[in-house]
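In what follows, a single structure is set out as structure tokens and then discussed.
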Amino acid sequence: MKSPVRVAVTGAAGQIGYALLFRIAAGDMLGADQPVILHLLEITPALPALQGVVMELNDCAFPTLAGVVATDDVNVAFKDVDYALLVGARPRGPGMERKDLLEANGAIFAPQGKALSDHAKRDVKVLVVGNPANTNALIAQQNAPSLDPKCFTAMVRLDHNRALSQLAEKTGAHTTDIKKVTIWGNHSSTQYPDIHHTTVKGKAATDLIDQAWYADTFIPVVQQRGAAIIKARGASSAASAASAAVDHMRSWALGTAEGDWVSMGIPSDGSYGIAPGVIYGYPVATKGGKYEIVQGLEINAFSRERMAATEKELREERAAVEHLFAK
Ligand code: NAI
């Protein structure tokens, strides 16, 4: 066994938290040889419920769970953490405008960014799940002056996995037969699921499906999958979101397979004409705990238009929260 690492999870008593903590504690995220100490953050009124979750975590007697810290103090939660999964966020209430939503989340993610900057390990890997995930990640990043901006990422992996699942169903393949899917842009309905470079059992996906299905069914189904799940289940996707969070962190920490990539919301560096200053979904390959954007992919006019639309939305979100950035 390696020595334990510290993993913070915010919103730990929420529904994603309940599906996520047990996976992390069981070793699904970092491996069966990597013990973890969980640092669980909740708001004060949710601490009793969180205590119940801690009791259950202990009762699982996981070999890889080396300790649990449960707190409502962000400075305690992020002390010396190697990983931080920021799940807790303010949901959109009735009649709430997007501007109010961004503002309410700014009040959560600005102090969390600062606390990470003050207390976390210098190479902390931060994943923002709480929506609007890309812009919440940007707010946290912009309030963390002492950390590398590349420490901050947002989750588009659930969209990536949804794209794999839709394409597998359509082509009669298994998700593991499918390589090189990309989710460009925002984790929102403007995201662009791109299969122009995708292979299914080694064959080009674009040769296996027709353009009309791609444009009129596949893309909207992936974009609207969250709403479809809410309609069917009466609650938002939690287990699949938690599973995608585990996948995102595992890929980042342990590396992507040779000849494949994953989608991560990361700080734009200008690649593919996306101007820096937003957290944008890109195809990335990871190695040794570092991610790199996959370069040199051909982008046609169909893709370019959709990549620009989701970039525009992210720029507008950025403009709405810029006043929350630390000077
Ligand atoms: P939930 O409402 O069940 O749980 C959220 C938890 O966060 C609550 O227990 C709440 O007390 C806690 N919380 C609120 N403010 C906090 C703060 N300042 N510090 C610590 N904890 C805080 O919600 P659920 O279903 O677990 O979803 C969490 C977030 O994840 C939502 O914003 C949701 O929209 C988002 N989400 C993102 C997805 C993605 O693909 N990026 C997919 C699915 C959900």
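Note that ligands are numbered from 1 as they come in the structure, with each ligand's atoms numbered from 1 the same way. Remember, it's a predicted structure, so these values are computed and weren't measured experimentally.
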Given 3.5 Å as the limit, does a donor-acceptor pair link the side chain of [X] with the main chain of [Y], or not?
X: Asn136; Y: Gly130; result: yes
X: Ser268; Y: Gly277; result: no
X: Glu42; Y: Leu47; result: no
X: Asp148; Y: Cys151; result: no

Can you pull out the closest protein heavy atom to [atom]? Residue, atom name and distance to 0.1 Å, please.
atom: atom 5 (C) of ligand 1; result: Gly14 CA, 4.2 Å
atom: atom 19 (N) of ligand 1; result: Gln112 NE2, 3.6 Å
atom: atom 39 (C) of ligand 1; result: His187 NE2, 3.1 Å
atom: atom 18 (N) of ligand 1; result: Ile108 CG2, 3.5 Å
atom: atom 28 (C) of ligand 1; result: Val87 O, 3.3 Å
atom: atom 14 (C) of ligand 1; result: Ala89 O, 4.0 Å
atom: atom 30 (O) of ligand 1; result: Ile16 CD1, 3.4 Å

Can you find an N or O of [X] that's nearer than 3.5 Å to an N or O of ligand 1?
X: Gly88; answer: no
X: Thr10; answer: no
X: Gln15; answer: yes
X: Ala46; answer: no

Answer side chain, backbone, both or neither: which part of [X] comes under 4.0 Å from ligand 1, heavy atoms only.
X: Asn131; value: both
X: Glu42; value: both
X: Val129; value: both
X: Ser236; value: side chain
X: Arg90; value: neither

message: Quick check on atom 25 (O) of ligand 1 - does any protein heavy atom sit closer than 4.0 Å to it?
response: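 Protein heavy atoms within 4.0 Å of atom 25 (O) of ligand 1 - there is at least one.
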task: Using a 4.5 Å cut-off on heavy atoms from C-beta on, say whether the side chain of Ser189 contacts that of Gln224.
output: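 Yes, their side chains come closer than 4.5 Å.
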- prompt: Considering only heavy atoms from C-beta outward, does the side chain of Leu116 approach that of Val81 to under 4.5 Å?
  reply: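 The answer is yes; the side chains approach within 4.5 Å.
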Atom indices of ligand 1, in the order listed, that fall short of 4.0 Å to a heavy atom of [X]:
X: Gly11; value: 6 (C), 7 (O), 12 (C), 20 (C), 21 (N)
X: Ala241; value: 42 (C), 43 (C)
X: Ser237; value: 43 (C)
X: Leu158; value: 40 (O), 42 (C)
X: Ala13; value: 9 (O)

Other residues, nucleotides and ligands only: do more than 12 of their heavy atoms fall within 6.0 Å of [atom1] on [X]?
X: Lys125; atom1: NZ; value: yes
X: Met55; atom1: CE; value: no
X: Glu298; atom1: CD; value: no
X: Gln295; atom1: CD; value: yes

task: Quick one: pull up CG in Asp28 and CZ in Phe62 and give me the separation to the nearest 0.5 Å.
output: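 Answer rounded to 0.5 Å: 8.5 Å.
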message: Just to be sure I'm reading this right: ignoring hydrogens, which of Ile43, Asp72, Leu20, Thr44 gets closest to atom 16 (C) of ligand 1? Compare them by their nearest heavy atoms.
response: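 Residue with the shortest heavy-atom distance to the ligand atom: Ile43.
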message: Counting the benzene-type ring for Trp, do Tyr214 and His196 have ring centres under 6.0 Å apart?
response: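 Judged by ring-centre distance (under 6.0 Å), Tyr214 and His196 do meet the cut-off.
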- request: May I ask you to check whether Trp252 and Tyr83 place their ring centers less than 6.0 Å from one another?
  value: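 Ring-ring flag for Trp252/Tyr83: false, centres at least 6.0 Å apart.
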message: Under a 3.5 Å threshold, yes or no: a donor from one side chain and an acceptor from the other, between Trp261 and Thr182?
response: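 Yes, side-chain donor-acceptor contact under 3.5 Å.
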- prompt: Can you find a non-hydrogen atom of Arg157 under 4.0 Å from ligand 1?
  reply: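 Heavy atoms of Arg157 never come under 4.0 Å of ligand 1.
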field: Whether Ala238 lies under 4.0 Å from ligand 1, heavy atom
entry: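 No heavy atom of Ala238 comes that close to ligand 1.
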field: Under-4.0 Å salt bridge between Lys99 and Glu103
entry: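 Judged by the 4.0 Å cut-off on N to carboxylate O distance, Lys99 and Glu103 do not form a salt bridge.
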